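All values derive from a computational prediction rather than experimental measurement. Atom set for the values below is all heavy atoms of this structure, side chains included, hydrogens, waters and symmetry mates excluded.
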Amino acid sequence: MYDWANSVYQLTIASAIFPVYYNQVTRNGGDSTVSFFGLEIINTVLYSWTIAAAYLLVAVFSPMFSSIADYTGRRKTFMKIFTWIGSVSCGLLFFFNGNNIEFGIICFALAWIGYGGSLVFYNSFLPVIAEPEDHDKISARGYSMGYLGGVVLLIINLIVVLFPGWFGITDGKLPAKLAFLSVCMWWFGFSQITFRRLPKYTLRTRENGHILFHGYQELRKVYRYVTKSYTLKIYLLGFFFLTMGILTVMFMAATYGEKELGLKEDILIPVILVIQLVGMVGAHFFSRLSSKIGNFKALIISIITWIFICIGVYFVTDTIGFVVAAFFVGLVMGGSQALARSTYSKMIPETTDHTSFFSFYDVMEKLATVAGTFSFGIIEALTGSMRNSVLAIILFFAVGLVFLLLLIRKQACRA
């Protein structure tokens, strides 16, 4: 149920409605420059760097938070705190109107931190409340609930955005603001179902190490193992660049469509919704493909598809082209992410602590997001065009492809 509660943030705030609203209220005619604490900066550059900064903070501090949760047993308390931070920050976006840019950006960053931070403790609950043989089933059910919850609320908000007259709304900004408020109430409200049922106090067997730094010590052990394993090392390098590309596309797609192509919310929000729906088909397709040709080869096909999509987006100038590209993004997005994680799970040693290995994986994923969104922003800042930033995404995928091809070559040599 927590997936049902918090996934609305990822879809409504991070992907669909807020990026479009932000662009509209921070643009003055043809001028997209804003003043952020006295610093003159392009609005979309500030947006991408805010995501990078929030993810960096979560990546740096999540191992420490995990250690504290393990040592004190107060997983639920920390999960509640981050849920409150995230949901309340979404609600406060109701008061963001473009003239108070600092307020809006801080709330947006805090929402990201609340979202990412709460997931650290959410994930740590699984081995506490479920038997190992039930982990996969419960994780899949949570993913499905999150997908369903996000889509349901987005459809409700889409109706309000597209048909404000039905509800007596005359203020053009109000539908988006109500969407932010709805995310706050949905996230906070439905999370109470989770908090009522989760154990208040849990303890894990304590290991030697400082309460604050045990998580970092575990990551260092994994890092040492990874550097000694050629296959894992090359795979994680490929995964890093692949994730740089995927998550940058995910977080910047609506912003790109609004700013570069001039698309409005009546096009962008339904397109984001279609991406989610097509993503289900794509995940199933790549799952079947990997079972036939192997994970590495299926991942390589997905990366090559990503490269062609980005090349196409670079030259897209109209709505039809954007919609076609979005369809293929949906087809490949869910599949490539699921494949990347399942491939990693098959590569880690069976006798080692899987939690530490997946913590390392999650930190790498967050750092890849930081690198991707920061690069996207800095290229736009230097060149003045988001189209040039798309070229960087193509480069990310190309580098990831090279590393996976090295693994294929290694397998061929062994054969």
Side-chain angles (χ1 to χ4, degrees), residues 2-3 6-7 9-11 13-15 47-69 78-79 81-83 85-86 89 108-124 126 139 143 146 212-223 226 232-233 235-253 333-334 336-345 348 354-378 392-393 396-397 399-400:
Y2 190 71
D3 269 302
N6 81 341
S7 292
Y9 170 78
Q10 182 79 284
L11 195 52
I13 301 289
S15 301
Y47 178 87
S48 60
W49 285 356
T50 301
I51 297 174
Y55 259 81
L56 181 61
L57 287 173
V58 174
V60 170
F61 290 106
S62 60
M64 181 178 72
F65 293 144
S66 295
S67 294
I68 296 173
F78 281 98
M79 187 175 167
I81 291 171
F82 279 98
T83 297
I85 291 172
S89 296
F108 180 55
L110 286 175
W112 265 119
I113 292 170
Y115 175 78
S118 68
L119 288 179
V120 173
F121 304 101
Y122 165 75
N123 292 331
S124 74
L126 186 58
S139 294
Y143 177 84
L212 296 179
F213 304 117
H214 178 70
Y216 299 107
Q217 292 166 355
E218 290 297 304
L219 290 181
R220 186 169 61 182
K221 290 178 185 177
V222 175
Y223 174 76
V226 167
L232 261 180
K233 178 172 60 179
Y235 175 76
L236 284 174
L237 285 171
F239 163 77
F240 184 84
F241 285 97
L242 172 62
T243 303
M244 282 178 71
I246 293 175
L247 294 183
T248 303
V249 170
M250 185 186 298
F251 297 145
M252 301 305 298
M333 179 178 287
S336 50
Q337 284 183 295
L339 260 181
R341 193 173 186 89
S342 63
T343 301
Y344 179 73
S345 68
I348 59 180
H354 286 194
T355 302
S356 297
F357 272 84
F358 274 103
S359 294
F360 187 83
Y361 180 93
D362 290 338
V363 168
M364 280 201 68
E365 186 176 56
K366 290 179 174 65
L367 291 177
T369 305
V370 173
T373 51
F374 180 80
S375 300
F376 193 92
I378 201 166
I393 297 177
F396 301 157
F397 285 125
V399 174

For this session: Fit a plane to each ring of W49 and F374, take the angle between them on a 0 to 90° scale, and name the class: parallel (under 30°), tilted (30 to 60°) or perpendicular (over 60°).
Result: parallel

Problem set entry | CG-CG distance between L237 and L242, expressed to the nearest 0.5 angstrom | 12.5 Å

For this session: Might you point out which heavy atoms bring A109 and A54 nearest each other, and give the distance in Å?
Result: O-CB, 3.8 Å

For this session: Hey, could you give me the CD1/OG1 distance between I378 and T373, rounded to the nearest 0.5 Å?
Result: 11.5 Å

Problem set entry | Side chains of L236 and Y344 in contact at under 4.5 Å (non-hydrogen atoms) | yes

Exercise. Tell me, do F396 and I246 make a side-chain contact under 4.5 Å, heavy atoms counted?
Worked result: no

Problem set entry | Distance in Å, F121 CZ paired with F78 CZ, rounded so as to fall on 0.5 Å steps | 5.5 Å

For this session: Check the angle between the aromatic planes of Y115 and Y9 and answer parallel, tilted or perpendicular using the 30° and 60° thresholds.
Result: tilted

Exercise. With distance as the sole test, does Y216 use its side chain to make a donor-acceptor pair with the main-chain N or O of V60 at under 3.5 Å?
Worked result: yes

Exercise. CE/M79 to CG/L119 distance, rounded to the nearest 0.5 angstrom?
Worked result: 8.0 Å

Exercise. Side chains of Y122 and N6: does their closest heavy-atom pair fall under 4.5 Å?
Worked result: no

Exercise. What pair of heavy atoms forms the shortest contact from S89 to A111, and how long is it?
Worked result: CB-N, 3.7 Å

Problem set entry | Value rounded to 0.5 Å, distance of CD1 in I113 from CG in L57 | 5.0 Å

Seminar exercise, completed: Between S62 and V363 the two heavy atoms that sit nearest each other are OG-CG2, 4.3 Å

Problem set entry | Exceeds 12 heavy-atom contacts within 6.0 angstrom, atom CZ of F61 | no

For this session: Would you check if F240 and L367 make a side-chain contact, meaning some heavy-atom pair closer than 4.5 Å?
Result: yes

For this session: Any chance you could measure F397, atom CZ, to T248, atom OG1, to the nearest 0.5 Å?
Result: 8.0 Å

Exercise. Would you call the rings of Y235 and F239 parallel, tilted or perpendicular, where under 30° means parallel and over 60° means perpendicular?
Worked result: parallel

Exercise. Side chains of F360 and V226: closer than 4.5 Å at any heavy-atom pair?
Worked result: yes

Problem set entry | Side-chain (S15) to main-chain (Q10) donor-acceptor, under 3.5 angstrom | yes

Exercise. Does any non-hydrogen side-chain atom of M364 lie less than 4.5 Å from one of T243?
Worked result: no

Problem set entry | Minimal non-hydrogen separation, Y2 against S118, with atom names | OH-OG, 2.8 Å

Problem set entry | Non-hydrogen atoms of G372 and M244 that approach each other most closely | N-CE, 3.9 Å

Problem set entry | Closest approach of A14 to W112 (non-hydrogen atoms, all atoms of both residues) | CB-CZ2, 3.5 Å

